[in-house]
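Index from 1, following the sequence. Note that the coordinates shown come from a computational prediction; the quantities given were computed from them, not determined experimentally.
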Amino acid sequence: MSLEVMNVSKYYKDKTALNQATVTFKPNTIYGLLGRNGAGKSTLLNIIANRSIPSEGSVDLNSTSVLNNEVLLNQIYLMSEDNLFPSSMKIKDMFRISEGFYGSFDWDFAKKMADSFELNTKQTFKKLSTGYRSIAKLITALCVPCDYIFLDEPVLGLDATHRELFYTFLIETYEERNRTFVISTHLIEEIATLLEHVVIIEQGEVKVDQETESLLRQHFALSGPKNEVLDFASQYTVIGSESLGDYCTAYLSGDMPNSVPNSLSIQPINLQQYFVQLTKRK
């Protein structure tokens, strides 16, 4: 049961937020949805969750449109910066309402997470810090029974220790019950090892939709004297480069060569390096 975004566009009076975006989110996969500020990530997520209506295109789950379809929308959960509950509501009541709306709730896992994060569920949402508001929403997202969980900037306000704790809980619940998680975040380096598949949006368009391992295997960095780097790189597709004086690093697309001249060095690149080079704007 795949979730298919097909040729989705979103137009505003003086801006195109999405332009013919097409991507398929497959079952039981952890995705990274990456893009610079204003690229269209949140717009896409709001359309998927039926919080915004596309100007063109459709979002289908199991080949049926999710638009105003309550049964299918109950399989989709979006955690975002928006709070859908009254700010005066206690956290435990947020959990209880979520259970009523989605049909079930993993209370044991919620308690385990709350205890580990030292979250007092008797507190009201408005009395929590920014980080603990994120934690309360994360617990809700990981404990509802939906098959597709979308997390828009999920670690907003969390310190390094709490972020690591969240990643641990995400893997734990994913291993216990496979679902599709789609994580939209700017902290690429932190989540890179979690991601099985990467979708990159740039200026409203889907530029990359590929398995993480195969994507990185097809790109590498070449460094050395500028003229020699550029000469060697001419046989590849250059996605970006950096120079300091006469020293240059080129980021290339293609099979990594087995050997290069002694004056040059070659190495694999990580996901953050690839993203930065791909989305650089002159």
Side-chain angles (χ1 to χ4, degrees), residues 30-39 41-46 48-49 51 76-99 101-102 105-146 148-177 179-195 198 201 271-272 275-276:
I30 298 180
Y31 285 82
L33 178 63
L34 310 179
R36 295 183 61 176
N37 290 330
K41 306 185 300 301
S42 294
T43 301
L44 175 62
L45 295 180
N46 283 322
I48 290 172
R51 297 183 189 176
I76 299 170
Y77 189 91
L78 169 60
M79 176 214 160
S80 66
E81 293 184 44
D82 298 328
N83 178 39
L84 304 180
F85 302 94
S87 60
S88 59
M89 181 176 288
K90 293 181 179 179
I91 305 306
K92 62 179 183 179
D93 294 329
M94 288 171 50
F95 297 164
R96 189 173 292 111
I97 287 178
S98 298
E99 178 183 39
F101 190 82
Y102 289 98
F105 192 82
D106 192 340
W107 286 99
D108 290 338
F109 196 60
K111 184 179 186 308
K112 182 178 180 179
M113 290 184 69
D115 289 346
S116 297
F117 282 113
E118 298 180 329
L119 171 66
N120 181 1
T121 59
K122 295 180 181 180
Q123 279 191 304
T124 59
F125 188 82
K126 66 182 178 182
K127 291 185 177 180
L128 298 178
S129 66
T130 300
Y132 271 99
R133 289 179 182 181
S134 293
I135 288 169
K137 291 190 289 186
L138 280 172
I139 294 174
T140 306
L142 267 57
C143 292
V144 293
C146 305
Y148 286 85
I149 309 293
F150 294 86
L151 306 172
D152 191 6
E153 296 297 343
V155 294
L156 184 68
L158 270 63
D159 60 37
T161 301
H162 279 167
R163 294 200 303 271
E164 285 296 325
L165 191 56
F166 159 63
Y167 302 141
T168 299
F169 279 128
L170 176 67
I171 292 299
E172 181 178 339
T173 188
Y174 179 68
E175 290 177 344
E176 287 183 0
R177 185 174 84 81
R179 288 169 281 174
T180 293
F181 287 95
V182 181
I183 308 171
S184 175
T185 181
H186 295 295
L187 300 178
I188 300 172
E189 193 169 0
E190 284 192 2
I191 67 163
T193 57
L194 303 178
L195 305 181
V198 177
I201 296 182
L271 184 59
Q272 179 160 301
F275 172 80
V276 168

Could you tell me the separation between the [atom1] atom of [X] and the [atom2] atom of [Y], rounded to the nearest 0.5 Å?
X    : Y    : atom1 : atom2 : value
F95  : F105 : CZ    : CZ    : 5.0 Å
T43  : K41  : OG1   : NZ    : 9.5 Å
S184 : L34  : OG    : CG    : 7.5 Å
M113 : T121 : CE    : OG1   : 13.0 Å

Between [X] and [Y], is any pair of side-chain heavy atoms under 4.5 Å apart?
X    : Y    : result
F181 : L142 : yes
L78  : I48  : no
I183 : L170 : yes
I30  : I171 : yes
H186 : N37  : yes
L128 : Q123 : yes

Mind checking whether F117 and F169 have parallel, tilted or perpendicular rings, split at 30° and 60°?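 Tilted: the ring planes of F117 and F169 meet at 30° to 60°.
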List the residues meeting side chain to side chain donor-acceptor pair (under 3.5 Å) with [X], not counting sequence neighbours, and say none if there are none.
X    : answer
S98  : none
S80  : R51
S134 : none

Taking all heavy atoms of [X] and all of [Y], pick out the closest pair and write down the distance.
X    : Y    : answer
I149 : L151 : CG2-CD2, 3.8 Å
S42  : D152 : OG-OD2, 2.8 Å
L138 : M79  : CD2-SD, 3.4 Å

Does F150 have any ring-ring contact (aromatic ring centres under 6.0 Å, His included) partners at least two apart in sequence or in another chain, and if so, which?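 F150: ring-ring contact (aromatic ring centres under 6.0 Å, His included) contacts with F25.
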What residues form a ring-ring contact (aromatic ring centres under 6.0 Å, His included) with Y132, not counting sequence neighbours?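 Scan of Y132 (ring-ring contact (aromatic ring centres under 6.0 Å, His included), adjacent residues dropped) gives H162.
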Can you confirm whether more than 12 heavy atoms, excluding those of E118, are under 6.0 Å from its CD atom?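 Count not over threshold, so no.
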Please determine whether the number of non-hydrogen atoms from other residues, nucleotides or ligands lying under 6.0 Å from atom CD of E189 exceeds 12.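 No - once you tally the heavy atoms of other residues, nucleotides and ligands closer than 6.0 Å, there are 12 at most.
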Report, one line per pair, each donor and acceptor closer than 3.5 Å where one atom sits in a side chain of residues 81-92; sequence neighbours left out.
residue : atom : partner : partner atom : Å
N83     : OD1  : F85     : N            : 3.4
N83     : ND2  : F85     : O            : 2.6

Just do the side chain to side chain contact (heavy atoms under 4.5 Å, CB included) check on F125 and K137 with the steps written out, would you? CA-CA 10 Å; F125 188 82; K137 291 190 289 186; 4.2 Å; yes
CA sep, side-chain torsions, deciding dist, call: Y148, V182, side chain to side chain contact (heavy atoms under 4.5 Å, CB included): CA-CA 8 Å; Y148 286 85; V182 181; 5.6 Å; no
How far apart are the C-alpha atoms of I139 and M94, what are their side-chain angles, what is the distance that settles it, and do they pass the side chain to side chain contact (heavy atoms under 4.5 Å, CB included) test? CA-CA 10 Å; I139 294 174; M94 288 171 50; over 6 Å; no
Could you work out, with side-chain contact (heavy atoms from CB on, under 4.5 Å) as the rule, every residue matching [X], not counting sequence neighbours?
X    : answer
Y102 : N74, Y77, V144, P145, C146
D106 : D108, F109, C143
R163 : V155, L158, A160, Y167, L187, E190
D115 : K111

Quick one: list whatever passes salt bridge (Lys or Arg N to Asp or Glu O under 4.0 Å) with K126, sequence neighbours left out.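 Counting only residues at least two positions away or on another chain, K126 forms no salt bridge (Lys or Arg N to Asp or Glu O under 4.0 Å).
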Tell me every residue that passes salt bridge (Lys or Arg N to Asp or Glu O under 4.0 Å) with R96, counting only those two or more places apart in sequence or in another chain.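 Testing R96 for salt bridge (Lys or Arg N to Asp or Glu O under 4.0 Å), a comparison that skips the adjacent residues, returns D93.
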